[in-house]
2 protein chains.
Amino acid sequence: MTNDPFRQELLNISETDPAVDRLVEQTIGRVADKWTMLLIEILTNRECCRFGELSKACEGISQKMLTQTLRALERDGLVTRTVYPVVPPKVEYRLTDLGLGLSKAFCGVWIWAEENLERVEQARKEYVERKKDDGTVR
Amino acid sequence: MTNDPFRQELLNISETDPAVDRLVEQTIGRVADKWTMLLIEILTNRECCRFGELSKACEGISQKMLTQTLRALERDGLVTRTVYPVVPPKVEYRLTDLGLGLSKAFCGVWIWAEENLERVEQARKEYVERKKDDGTVR
DNA sequence: CAGTATCCTATTTGATACTG
DNA sequence: CAGTATCAAATAGGATACTG
């Protein structure tokens with residue numbers, strides 16, 4: 001199992017410098033959240049979006065969270081925000097190269113989620129069953 | 001730009017069925033969080049860990065969050081929890097195949113974070129500068 | 001050792017109303 | 001249209017004490 005090629009492939013990710021580790025974790029912390037991933041996916045597919053479009057495409061998000069998440073993305077250099085001085089206002093968002101790179105990185109996670117949806121669901125059902133049959137923690 | 005090979009590669013991820021999309025998003029929502037990613041990384045590198053080891057390795061996590069996150073991972077079929085009936089108790093956690101697959105998917109995100117740390121930091125500094133120079137939202 | 005239980009605070013999120 | 005502001009509710013998270 002230790003020689004599992006998967007695992008071997010994964011082993012060299014970890015940093016030697018703990019300070020860098022903290023920074024990596026911080027970066028992950030900023031970027032690894034549901035709305036961020038969703039917005040980046042939408043912007044990957046649509047190339048360029050107005051606020052209202054994002055609001056519709058990103059089903060379930062509140063205006064507040066949308067604004068907040070977009071600001072964070074802009075601040076971190078992942079999307080650009082272009083304001084056209086017209087009435088009514090028009091604002092366009094699009095991925096930067098940096099954002100496109102992150103999108104590519106997220107890609108694997110989306111695929112994993114799609115492919116393993118049922119396995120996770122199944123595991124949850126079994127877990128609940130085991131808990132119902134009760135306490136033999138095994 | 002539309003013919004960007006990156007983007008082309010990314011385009012076919014999106015589902016056609018909106019119901020499946022919701023499920024994918026839910027799955028992402030469960031799995032895309034800081035502690036989950038960290039614990040999975042640790043368990044990838046160490047293969048097998050006791051509660052106390054994880055507690056040390058996962059710097060900054062509280063006992064409560066550790067327990068909570070581990071239970072969620074177990075429930076979703078990503079780790080196994082093995083209790084040895086000894087005194088004092090010994091409990092071992094290790095990734096399942098499903099968990100190892102997720103680990104592999106996360107791998108790209110970790111690498112992205114490592115490689116683009118400074119670019120994100122730089123973007124943040126510039127953003128703050130722009131805000132200080134004030135309101136020409138550009 | 002590996003938790004659980006409890007209390008409490010802080011952060012996140014949503015709903016609603018308002019504005020350039 | 002694309003937000004901001006405000007308040008309330010929910011949730012996350014930490015600290016501490018206790019247990020098989």
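Keep in mind that this is a model prediction, so the values were computed, not measured. Letters A, B, ... are given to chains in the order of the sequence lines, protein chains preceding strands, and every chain is numbered from 1.
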Gap between atoms CG and P, on B/L54 and C/dC1 respectively (whole Å): 14 Å
Other ILVMFWY residues reachable from B/V86 by side-chain steps of under 4.5 Å: B/Y84
Between P of D/dG3 and CG of A/L70, the distance in whole Å: 7 Å
Counterpart residues, side-chain hydrogen bond (donor to acceptor under 3.5 Å, both in side chains), relative to B/T69 (two or more places apart): none
Reading 5' to 3' through nucleotides 4-12 of chain C, protein heavy-atom contacts under 4.0 Å coded B for base, S for sugar-phosphate only, - for none: B--B-----
Spacing between B/I61 atom CD1 and C/dA2 atom C1', to the nearest angstrom: 14 Å
Spacing of B/L66 atom CG relative to D/dG13 atom P, expressed in whole Å: 13 Å
Counterpart residues, side chain to side chain contact (heavy atoms under 4.5 Å, CB included), relative to B/R75 (two or more places apart): A/R124, A/Y127, B/R30, B/A72
Spacing between B/E53 atom CD and C/dC1 atom P, to the nearest angstrom: 11 Å
Summary of salt bridge (charged side-chain N to carboxylate O under 4.0 Å, His left out) pairs that have at least one residue in residues 54-67 of chain B, sequence neighbours excluded: A/R22-B/E59
B/R50 side chain near C/dC1 phosphate (N/O to OP1/OP2, under 4.0 Å): no
Distance below 4.0 Å between A/Y93 side-chain N/O and D/dG3 OP1 or OP2: yes
Residues that A/A32 engages under side chain to side chain contact (heavy atoms under 4.5 Å, CB included), provided they are two or more places apart: A/I28, B/M37
B/T96 side chain to B/T80 side chain, donor-acceptor N/O pair below 3.5 angstrom: no
Helix axis bend for the helix from C/dC1-D/dG20 to C/dG20-D/dC1 - C1'-based end axes, five pairs, 10° rounding: 50°
Qualifying residues under side-chain hydrogen bond (donor to acceptor under 3.5 Å, both in side chains), relative to A/Q26, sequence neighbours excluded: none
Those residues that, when tested against B/S55, pass side chain to side chain contact (heavy atoms under 4.5 Å, CB included) (two or more places apart): B/L66
Whole angstrom value for the distance that separates P of D/dG13 from CD of B/E59: 17 Å
Whether A/D33 side chain and A/T36 backbone form a donor-acceptor pair below 3.5 Å: yes
